[in-house]
Amino acid sequence: MERNLTAEQLALFEKEFASNPQYRVMQNAVTETPVTKIALDRQVVTSIDHSVSNLLDDWKVTNQKKSGRCWLFAGLNLLRVGAADKLNVKDFEFSQNYLLFWDKFERANFFLEAMIDTAERDVDDRTVAHLLSDPIGDGGQWNMFVALVRKHGLVPKTAMPETESSSATAQMNDTLRKLLRQGARDLRKLDGAETQRAHKQKILTDVHRVLSIHLGTPPQKFLWQWKDSEKDFHRDGWTTPAEFAAAYVTLPVDDYVCLVHDPRESSPTGKTFTVDYLGNVIDAPPVVYLNVEIELMKKLAQDAIVGGEPVWFGCDVGKQMSGDLGYWDAKLYDYDAVYDTEFTLDKAERLLHHETLMTHAMLFTGVDLVDGKPRRWRVENSWGDEKADSGFWTMNDSWFGEHVFEIAVRRSALPEDLQARLDDAPIVLPAWDPMGALAD
């Protein structure tokens, strides 16, 4: 068989297509109609509704707009439930812009330290090239969210509201990438860590200025007062972000652990993992996760919801998704029938062959149980309230198994043997491993 595609071979491909009238019918349909509408399985759609047996949410969804802050929104959405109860208000939001500012600034420092650490390597070294590919993106993971809250506290949205750039981060990120890549070039030319870190401070001064211009300056103190649902007025007085977080974060975020489902043969269950150069806050605990079976992940998420707590999770959001309907199902689109072919990669193979990774973080706020088993899940997204059930989406359980990668749960919820495994030294995966993907 020829390595090159010959004219004879090309003719055979064309003949094979022309010989089947059904292919021509499908071609005509797809040229006039989006393929998603043709492939949509109506039997799956009619089997789904937004009702669930166990429902937590009675609040409005948030909107990350044109930014990749889903992991911050999901984390703050988890925490705002208890804060709203404590404040006795219907809807409450922590400032997403406040944590965005500090994540960008901390991540700039994290990146520059990585450039100092790898300065002796060639710029085309795979790790260096990976770090340079996106030094200041919007995405993140659960442990990175906790690191920000632990170090910088929280403020209400009124203390640092949204700006044009927090809601649409592209231009700001472009400027920051230029600064950081330029800084990487300069740091790699300098000799000695002391000289490098002195120059790093100059770079960070520029980064802070850019962030302040785009996002505003984070408050060190603010006057906190509000009216509750009964119209009663309250005033806490002047408070710091750390004091505010201590007063109104009712969940012990430091006690939460990150679980993942990574079915690759190279990633045994019951083992802890970390990813090289993954993080945002220097000297924060590393991003560590425990690999578990998907059924345990489902059970822990289910139990948390039944117990009254939403669940932060990360997934590959775009797979088998209908944005118009607000549905996810593993068989929502029958592309096999449309293209007369088979798509056979399983979850492990999709990870190995770069067909999947975690792309988005959200919050489970409900679960539909039948005989104690999950049938579907209710999801608080951060894409506004115009789609799905006023912004709350529905995930069939089949989709959970195929496309959910990560959840955060209380350590005490794990079986005792797995709790003990959390104290093991983690296996270090390379910086480019798909399990180091940042949800945005």
Side-chain angles (χ1 to χ4, degrees), residues 26-27 29-53 55 57 60-68 70-71 73-74 77 139 261 294 298 301 305 310-347 350 355-368 370 374-407 437 439-440:
M26 194 62 69
Q27 181 188 58
V30 171
T31 55
E32 299 295 330
T33 306
V35 69
T36 51
K37 290 189 176 181
I38 297 170
L40 188 67
D41 191 324
R42 302 304 303 179
Q43 282 190 311
V44 173
V45 172
T46 56
S47 72
I48 304 174
D49 63 69
H50 291 296
S51 64
V52 294
S53 60
L55 179 67
D57 57 82
K60 295 179 181 178
V61 298
T62 53
N63 194 342
Q64 69 187 78
K65 298 185 180 178
K66 296 179 181 180
S67 73
C70 64
W71 60 291
F73 271 72
N77 287 343
H261 178 236
I294 194 68
K298 291 181 182 180
I305 293 168
V311 177
W312 187 101
F313 75 99
C315 64
D316 190 354
V317 69
K319 306 295 187 185
Q320 295 289 329
M321 174 191 80
S322 171
D324 292 335
L325 299 171
Y327 289 165
W328 292 284
D329 184 278
K331 300 295 184 180
L332 189 59
Y333 298 101
D334 190 357
Y335 292 117
D336 292 26
V338 169
Y339 298 116
D340 191 22
T341 190
E342 294 185 32
F343 298 93
T344 60
L345 293 177
D346 61 25
K347 192 173 186 179
R350 291 196 300 272
E355 179 56 22
T356 191
L357 44 70
M358 188 175 72
T359 60
H360 193 54
M362 296 173 285
L363 207 63
F364 286 125
T365 61
V367 61
D368 193 45
V370 177
R375 177 169 170 254
R376 66 170 67 110
W377 303 80
R378 184 169 169 89
V379 176
E380 179 182 359
N381 207 339
S382 53
W383 290 349
D385 60 5
E386 294 181 355
K387 295 184 178 180
D389 183 13
S390 298
F392 290 91
W393 291 50
T394 299
M395 176 194 300
N396 267 359
D397 190 61
S398 63
W399 197 92
F400 190 126
E402 288 296 321
H403 303 295
V404 171
F405 285 107
E406 180 176 330
I407 66 171
D440 61 10

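Quick caveat: nothing in here was measured; it's all calculated off a predicted structure. Just so it is clear, the values below take in all heavy atoms, side chains as well, and ignore hydrogens, waters and symmetry mates.
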Do side-chain atoms of Tyr327 reach the backbone of Ile48 as a donor and acceptor pair under 3.5 angstrom?
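Yes.
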Between [atom1] of [X] and [atom2] of [Y], what distance do you get to the nearest 0.5 Å?
X	Y	atom1	atom2	result
Leu363	Ile407	CG	CD1	12.0 Å
Ser398	Asp329	OG	CG	3.5 Å
Glu380	Asn77	CD	CG	4.0 Å
Cys315	Met362	SG	CE	3.5 Å

What residues form a side-chain hydrogen bond (donor to acceptor under 3.5 Å, both in side chains) with [X], not counting sequence neighbours?
X	answer
Asp346	none
Ser322	none
Asn381	His360

With sequence neighbours excluded, what pairs up with Lys298 under the salt bridge (charged side-chain N to carboxylate O under 4.0 Å, His left out) test?
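Salt bridge (charged side-chain N to carboxylate O under 4.0 Å, His left out) list for Lys298, sorted by chain: Glu295, Asp397.
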On a heavy-atom basis, which atom in Ala301 and which in Val311 lie closest, and how many Å separate them?
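Nearest heavy atoms, Ala301 then Val311: O-CG2, 3.8 Å.
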Cys70 to Ala361 - nearest heavy-atom pair and separation
SG-N, 3.2 Å
By side chain to side chain contact (heavy atoms under 4.5 Å, CB included) - contacts of [X] (at least two apart):
X	answer
Thr33	Lys37, Ile38
Asp440	none
Asp41	Gln43, Val44
Lys65	Asn63, Ser167

Check: residues 330-338 side-chain donor-acceptor pairs under 3.5 Å, at least two apart:
unit_1 : atom_1 : unit_2 : atom_2 : d
Tyr333 : OH     : Met321 : O      : 3.0
Asp334 : OD1    : Ala337 : N      : 3.2

Criterion side-chain contact (heavy atoms from CB on, under 4.5 Å) on Leu325 and Lys387, from CA distance to verdict:
CA-CA 7 Å; Leu325 299 171; Lys387 295 184 178 180; over 6 Å; no
Test side-chain contact (heavy atoms from CB on, under 4.5 Å) on Trp383 and Thr62; report intermediate values, then the result.
CA-CA 7 Å; Trp383 290 349; Thr62 53; over 6 Å; no
Check the side chains of Thr356 and Asp316 for a donor-acceptor pair under 3.5 angstrom, ignoring hydrogens and angles.
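Yes, side-chain donor-acceptor contact under 3.5 Å.
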Let me see the working for Trp377 and Trp328 under ring-ring contact (aromatic ring centres under 6.0 Å, His included), right down to the final yes or no.
CA-CA 10 Å; Trp377 303 80; Trp328 292 284; over 10 Å; no
Table please: side-chain donor-acceptor pairs of residues 399-406 below 3.5 Å, with sequence neighbours left out.
unit_1 : atom_1 : unit_2 : atom_2 : d
Trp399 : NE1    : Lys319 : O      : 2.6
Glu402 : OE1    : Arg350 : NH1    : 3.3
Glu402 : OE1    : Arg350 : NH2    : 2.9

Between Trp71 and Trp312, is the ring centre distance below 6.0 Å?
no
Sequence neighbours left out, what pairs pass salt bridge (charged side-chain N to carboxylate O under 4.0 Å, His left out) with at least one residue falling in residues 42-53?
Asp49-Arg376
Would you mind reporting whether Asp368 and Arg375 have side-chain heavy atoms less than 4.5 Å apart?
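Yes, their side chains come closer than 4.5 Å.
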Let's go through Arg378 and Val367 carefully: what are the C-alpha distance in whole Å and the side-chain angles of both, what is the deciding distance for side-chain contact (heavy atoms from CB on, under 4.5 Å) to 0.1 Å, and is it a yes or a no?
CA-CA 6 Å; Arg378 184 169 169 89; Val367 61; over 6 Å; no
Can you check side-chain contact (heavy atoms from CB on, under 4.5 Å) on Phe364 and Val379, steps first, answer last?
CA-CA 5 Å; Phe364 286 125; Val379 176; 3.9 Å; yes
Does His261 have any ring-ring contact (aromatic ring centres under 6.0 Å, His included) partners at least two apart in sequence or in another chain, and if so, which?
none
Applying side-chain hydrogen bond (donor to acceptor under 3.5 Å, both in side chains), run through Gln64 and Ser382 and close with a yes or a no.
CA-CA 6 Å; Gln64 69 187 78; Ser382 53; 2.6 Å; yes
